[in-house]
Amino acid sequence: MTEGPGPLEPVTEQWQRALAIVAHPDDLEFGAAAAVARWTAQGKHVVYCLVTSGEAGIDGMPPTRARQVREQEQRASAALVGVDTVEFLGLPDGILEYGVPLRRELAAVVRRHRPEIVITNNFRDTWDGAYALNQADHIATGRAVLDAVRDAGNRWIFPEQLADGVEPWGGVRQVWAASSPLAAHGVDVTDTFDRGVASLRAHDAYLAGLGDGSFDAEEFLEGLGRPAGARLGARYGTAFEVFHFDLW
């Protein structure tokens with residue numbers, strides 16, 4: 001008989017500043033927003049950085065209009081979990097490429113905000129470790145996040161950024177990838193689960209275009225939150241794959 005996944009180790013909460021970098025509006029809400037709500041309620045400061053504006057994500061809406069709608073929805077969604085700084089880098093949705101240009105963009109964001117923790121989405125090839133394929137933008141962004149965190153601390157990489165008071169930043173301790181199939185850490189979000197659901201529902205125009213329009217945000221997040229919670233000994237949890245940068 002095959003054993004299920006083991007317990008999740010709680011992530012550290014001994015920090016004050018986090019930066020969340022993901023590819024699209026809604027990426028954080030599909031799993032991690034309830035955790036963000038927990039941390040902002042503790043008085044921690046979290047900034048959102050969206051690499052694209054998700055303009056290619058609504059089939060029945062032209063990209064120029066979708067960009068406006070999705071940025072508005074993301075700002076409203078972030079506010080529901082206590083995040084008031086939301087940045088959009090404006091890179092093209094659907095065709096992000098891992099490489100030096102993306103690393104350069106993200107290193108600049110890390111240097112500007114100087115976080116202790118960086119949060120991103122699962123960037124493994126699949127969501128389940130087997131068949132549920134991940135999307136190319138998620139993979140490119142997550143890989144670039146790991147490298148950009150290291151780049152940000154090296155003054156000889158992208159030195160043109162070091163002007164007008166900007167300095168290298170090597171203070172990121174860990175990068176957390178939400179909902180990774182290799183997650184071994186997590187956080188109890190039982191008390192903030194409803195805020196996570198509300199933040200996903202705020203992406204109304206996007207969700208209306210999914211499938212036949214009957215997508216249920218609460219049902220979906222329960223499907224993620226209950227298994228993670230069980231591994232934490234809680235009702236609901238959010239799982240993360242943790243990458244350590246404080247061990248250099």
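Residues take their numbers from the sequence shown, with the count starting at 1.
Here the shortest heavy-atom pairing between Ala37 and Arg195 reads O-NH1, 3.6 Å. Residues Leu96 and Ala23 come closest through the heavy atom pair CD1-CB, 4.1 Å. Between Arg67 and Gly90, the shortest heavy-atom contact is NH1-CA, 4.1 Å. In plain terms, the two heavy atoms of Val46 and Val83 that are nearest each other are O-CG1, 3.4 Å. Of all heavy-atom pairs spanning Ala18 and Ile119, the tightest one is CB-CD1, 4.3 Å. Here the closest non-hydrogen pair linking Val81 and Ser199 is CG1-CB, 3.9 Å.
A donor-acceptor pair under 3.5 Å is formed between the side chain of Thr238 and the backbone N or O of Gly31. Side chain of Arg17 to main chain of Arg114: a donor-acceptor pair is present (N/O by atom type, distance under 3.5 Å, no hydrogens or angles). One N or O on the side chain of Glu55 and one on the backbone of Asp93 form a donor-acceptor pair closer than 3.5 Å. No donor-acceptor pair under 3.5 Å is formed between the side chain of Thr126 and the backbone N or O of Tyr131. A donor-acceptor pair is defined here as one N or O able to donate and one able to accept, closer than 3.5 Å; such a pair exists between the side chain of Thr141 and the backbone of Asp137. In this structure, the side chain of Asp204 does not engage the main chain of Ala208 through any donor-acceptor pair within 3.5 Å. In this structure, the side chain of Trp169 does not engage the main chain of Arg112 through any donor-acceptor pair within 3.5 Å.
Tracing side-chain contacts under 4.5 Å through hydrophobic residues (I, L, V, M, F, W, Y), one never reaches Val69 starting from Leu89; they form parts of separate clusters. Under the 4.5 Å side-chain contact rule for hydrophobic residues, Tyr206 and Leu224 share a cluster. Hydrophobic cluster membership differs between Val36 and Val118, with clusters built from Ile, Leu, Val, Met, Phe, Trp and Tyr side chains linked at under 4.5 angstrom. The same ILVMFWY cluster, assembled from side-chain heavy atoms under 4.5 Å apart, contains both Leu50 and Ile58. By the criterion of side-chain heavy atoms lying less than 4.5 angstrom apart, applied directly or through intervening Ile, Leu, Val, Met, Phe, Trp or Tyr residues, Val51 is grouped together with Val110 in one hydrophobic cluster.
Qualifying side chain to side chain contact (heavy atoms under 4.5 Å, CB included) partners for Ala183, counting only residues two or more places apart in sequence or in other chains: Ala239. Annotation: ring pair (Phe, Tyr, Trp, His ring centres under 6.0 Å) contacts of His185 (sequence neighbours excluded): none. Legend: residues meeting ring pair (Phe, Tyr, Trp, His ring centres under 6.0 Å) with Tyr236, ordered by chain and number and at least two apart, are Phe193. For the ring pair (Phe, Tyr, Trp, His ring centres under 6.0 Å) test, residues two or more places apart in sequence or in another chain that qualify with Phe215 are Phe30, Phe220. Legend: residues meeting side chain to side chain contact (heavy atoms under 4.5 Å, CB included) with Asn154, ordered by chain and number and at least two apart, are Trp156, Ile157. Partners of Ile95 according to the side chain to side chain contact (heavy atoms under 4.5 Å, CB included) rule, which considers only residues two or more places apart in sequence or in another chain, are Pro92. Under the side chain to side chain contact (heavy atoms under 4.5 Å, CB included) criterion, Glu241 pairs with Arg124, Ala177, Ser180, Leu182, Phe243, not counting sequence neighbours. Remark: Arg103 pairs with Asp151 by the side-chain hydrogen bond (donor to acceptor under 3.5 Å, both in side chains) rule, at least two apart or across chains.
Rounded to the nearest 0.5 Å, atoms OG (Ser77) and CZ (Arg201) are 12.5 Å apart. Separation of atoms OG1 (Thr192) and CG (Leu80) is listed at 13.0 Å; rounding is to 0.5 Å. The CZ atom of Arg75 lies 10.0 Å from the CD atom of Glu87; values are rounded to the nearest 0.5 Å. For the atom pair CZ (Arg226) and CG (Leu221), the distance works out to 12.0 Å, reported to the nearest 0.5 Å. Taking CG from Asn134 and CG from Asp125, the interatomic distance works out to 8.0 Å, rounded to the nearest 0.5 Å. Distance check: Asn121 CG to Ile139 CD1 gives 11.5 Å after rounding to the nearest 0.5 Å.
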side-chain contact (heavy atoms from CB on, under 4.5 Å) assessment of Val100 paired with Phe158: CA-CA 10 Å; Val100 171; Phe158 313 133; 3.9 Å; yes
Candidate pair Leu146 and Phe123, rule side-chain contact (heavy atoms from CB on, under 4.5 Å), full reasoning: CA-CA 10 Å; Leu146 289 185; Phe123 56 89; 3.5 Å; yes
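Apart from Leu8 itself, the hydrophobic cluster it occupies contains Leu232, where clustering links Ile, Leu, Val, Met, Phe, Trp and Tyr at side-chain heavy-atom distances under 4.5 Å. The hydrophobic cluster analysis finds Trp127 isolated: no Ile, Leu, Val, Met, Phe, Trp or Tyr side chain comes under 4.5 Å of it, directly or through other members.
Within 6.0 Å of atom CZ in Arg235, 12 or fewer heavy atoms from other residues, nucleotides or ligands are found, so the atom counts as exposed in its surroundings. Heavy atoms of other residues, nucleotides or ligands lying less than 6.0 angstrom from CD of Glu160 number more than 12. More than 12 heavy atoms of other residues, nucleotides or ligands lie within 6.0 Å of CD in Gln42, so this atom counts as buried by the packing criterion. When the shell of 6.0 Å around CG of Asp191 is examined, it contains 12 or fewer heavy atoms from other residues, nucleotides or ligands.
With contacts defined as side-chain heavy-atom distances shorter than 4.5 Å, the pair Leu162/Pro168 qualifies. Using a 4.5 Å heavy-atom cutoff, the side chains of Pro25 and Glu73 are not in contact. Inter-residue side-chain proximity for Ile117 and Trp39 is flagged as unmet; no heavy-atom pair is nearer than 4.5 Å. Asp84 is listed as a side-chain neighbour of His45, based on a closest heavy-atom distance under 4.5 Å. Proximity of Leu207 to Leu200: side-chain heavy atoms (C-beta onward) are separated by under 4.5 Å at one or more points. Contact of the Arg111 side chain with the Glu167 side chain is not registered, since no non-hydrogen atoms from C-beta on lie closer than 4.5 Å. Put simply, the side chain of Gln16 reaches to within 4.5 Å of the side chain of Glu116, judged on heavy atoms. Between Glu71 and Gln74, every side-chain heavy-atom pair lies at or beyond the 4.5 Å cut-off.
Applying the salt bridge (Lys or Arg N to Asp or Glu O under 4.0 Å) test to residues at least two apart or on different chains, the pairs with a partner in residues 27-52 are Glu13-Arg38. Contacts classified as ring pair (Phe, Tyr, Trp, His ring centres under 6.0 Å) and involving residues 85-117 (residues at least two apart or in different chains) are not found.
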